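Bear in mind that the values here come from a model prediction, so they are computed numbers and not experimental data. Chain A is the first sequence line, chain B the second, and so forth, proteins listed ahead of strands; every chain is numbered from 1.
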Number of protein chains: 2
Amino acid sequence: MDLIYIITMKKNLHVNKALDLLKSSPLKVTSQRTRLIEILFKNGDHHFTAEDVHKEVDKNKYKISLATIYNCLNQFTKHDILKSVRLSSDKIYFDTNTKAHHHFFCVSTEKLSDIKSSDVEISNLPTIPKDKKLKSVEVVVNISD
Amino acid sequence: MDLIYIITMKKNLHVNKALDLLKSSPLKVTSQRTRLIEILFKNGDHHFTAEDVHKEVDKNKYKISLATIYNCLNQFTKHDILKSVRLSSDKIYFDTNTKAHHHFFCVSTEKLSDIKSSDVEISNLPTIPKDKKLKSVEVVVNISD
DNA sequence: TCTTAAATTAGAATTATTCTAATTTAATGT
DNA sequence: ACATTAAATTAGAATAATTCTAATTTAAGA
């Protein structure tokens with residue numbers, strides 16, 4: 001009995017980290033947000049669209065409306081719990097890895113995957129136009145089957 | 001009178017190049033396509049959305065439907081007369097420069113501009129996943145006011 | 001000129017996403 | 001514990017860019 005109890009207590013590290021980020025953000029900790037974080041972070045770094053999340057929510061028989069899914073993904077992105085990525089796709093992708101890094105995008109499967117930072121290096125950062133400030137540098141390597 | 005005639009004959013180099021591409025493509029040369037190319041290429045390399053083109057068409061009092069503008073931009077892209085670019089924007093951008101190159105995107109003004117190829121260099125191209133083939137490498141430097 | 005496949009068009013449809021406005025809830029102060 | 005209030009959730013409507021449909025027109029080759 002004690003053993004079962006211990007196993008139940010064992011929480012996923014990535015989930016806990018994301019929950020901590022949520023707690024230390026100005027966002028309120030709601031059951032929807034907690035459940036979404038559990039779904040999104042349980043398998044470590046990965047990539048998904050709002051529709052992917054919607055399907056996973058349904059599969060888990062959670063009742064979280066699509067509007068809430070969009071709200072949460074956007075709020076999480078704003079507060080650095082997620083990162084969003086735009087590609088040659090009509091959908092917005094989200095990434096649990098919020099650190100600066102780059103991506104492969106397979107145009108056949110529409111799947112996104114990380115490029116290790118060490119695997120790509122930009123040797124000549126171009127000069128930013130006068131009066132503008134740098135936001136981010138995104139490298140997308142488009143691949144196909 | 002002869003002089004006026006000569007000036008009228010003087011055609012824009014970029015426009016002529018694009019018209020030649022159209023002629024040597026399998027696409028039919030229609031008045032709509034010719035007019036669009038004249039509008040798009042008259043000022044050399046630049047960037048625009050379908051809506052930008054729609055406004056310019058209206059300004060020139062041409063009657064080209066929005067459906068045709070979309071059809072043409074897509075066909076031109078497919079046949080390498082234009083190139084399309086996706087960014088952290090809900091709109092698709094088109095570029096008269098079809099050669100491989102990179103972009104600044106200003107998130108404040110939503111304007112796209114070219115980065116000279118010589119101004120950015122990727123020193124370590126990451127290893128493409130097995131069974132996939134490389135399509136393109138796109139570097140977007142997001143900037144803001 | 002005839003033929004035919006391609007192009008154009010208006011307007012409807014689609015799709016991802018955002019908005020609205022009513023209801024519920026979390027967190028704070030009493 | 002309880003009341004207050006701002007934030008969150010929700011269903012469904014709205015939006016906006018883009019694509020589709022199906023009827024008409026046109027370019028280009030026989």
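Within residues 105-112 of chain B, no residue places a heavy atom under 4.0 Å from DNA chain D.
Expressed to the nearest 0.5 Å, how far OG of Ser136(A) lies from CG of Asn142(B) amounts to 4.0 Å. Here OH of Tyr62(A) is found 10.0 Å from OG of Ser31(A). Values are rounded to the nearest 0.5 Å. Expressed to the nearest 0.5 Å, how far CZ of Arg35(A) lies from CD1 of Ile64(A) amounts to 7.0 Å. Atoms NZ and OG1, on Lys99(B) and Thr96(B) in that order, are 9.0 Å from each other to the nearest 0.5 Å.
Crowding of Asp145(A) atom CG: a count of heavy atoms from other residues, nucleotides or ligands under 6.0 Å exceeding 12. Annotation: Lys135(B), atom NZ; neighbour count of heavy atoms from other residues, nucleotides and ligands within 6.0 Å does not exceed 12.
Put simply, the residue from Asp52(A), Asp114(A), Asn97(A) that forms a side-chain hydrogen bond (donor to acceptor under 3.5 Å, both in side chains) with His47(A) is Asp114(A).
Contact annotation: Arg33(B) reaches the phosphate of dT8(C) (side-chain N/O to OP1 or OP2, under 4.0 Å). One finds no side-chain N or O of Thr30(A) lying less than 4.0 angstrom from the OP1 or OP2 phosphate oxygen of dA7(D).
Ring pair Phe48(B)/Phe94(B) is parallel by interplanar angle, where below 30° counts as parallel and above 60° as perpendicular.
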Exercise. Can you give one letter per nucleotide of nucleotides 9-20 of chain C, 5' to 3': B if a protein heavy atom sits under 4.0 Å from the base, S if only from the sugar-phosphate, - if neither?
Worked result: BBB----SBBB-

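A single hydrophobic cluster is seen to contain both Val15(A) and Leu40(A), as judged by linkage of ILVMFWY side chains at heavy-atom distances under 4.5 Å, directly or through other members.
One atom, NZ of Lys23(A), and another, P of dA26(C), lie 15 Å apart when rounded to the nearest Å. The CG-C1' distance, from Leu73(A) to dT9(D), rounds to 14 Å in whole Å. Rounding to whole angstrom units, NZ of residue Lys55(B) and P of dA16(D) are separated by 13 Å. If you take OH of Tyr62(B) and C1' of dT8(C), they are 17 Å apart, rounded to a whole angstrom. When rounded to the nearest whole Å, the span between NZ of Lys28(A) and C1' of dA26(C) equals 5 Å. Between Gln75(B) atom CD and dA5(C) atom C1' there is a gap of 13 Å when expressed in whole angstrom units. Atoms CZ (Arg35(A)) and P (dT25(C)) sit 12 Å apart, rounded to a whole Å. Between the CG atom of Leu19(B) and the P atom of dA27(D) there is a distance of 15 Å, rounded to whole Å.
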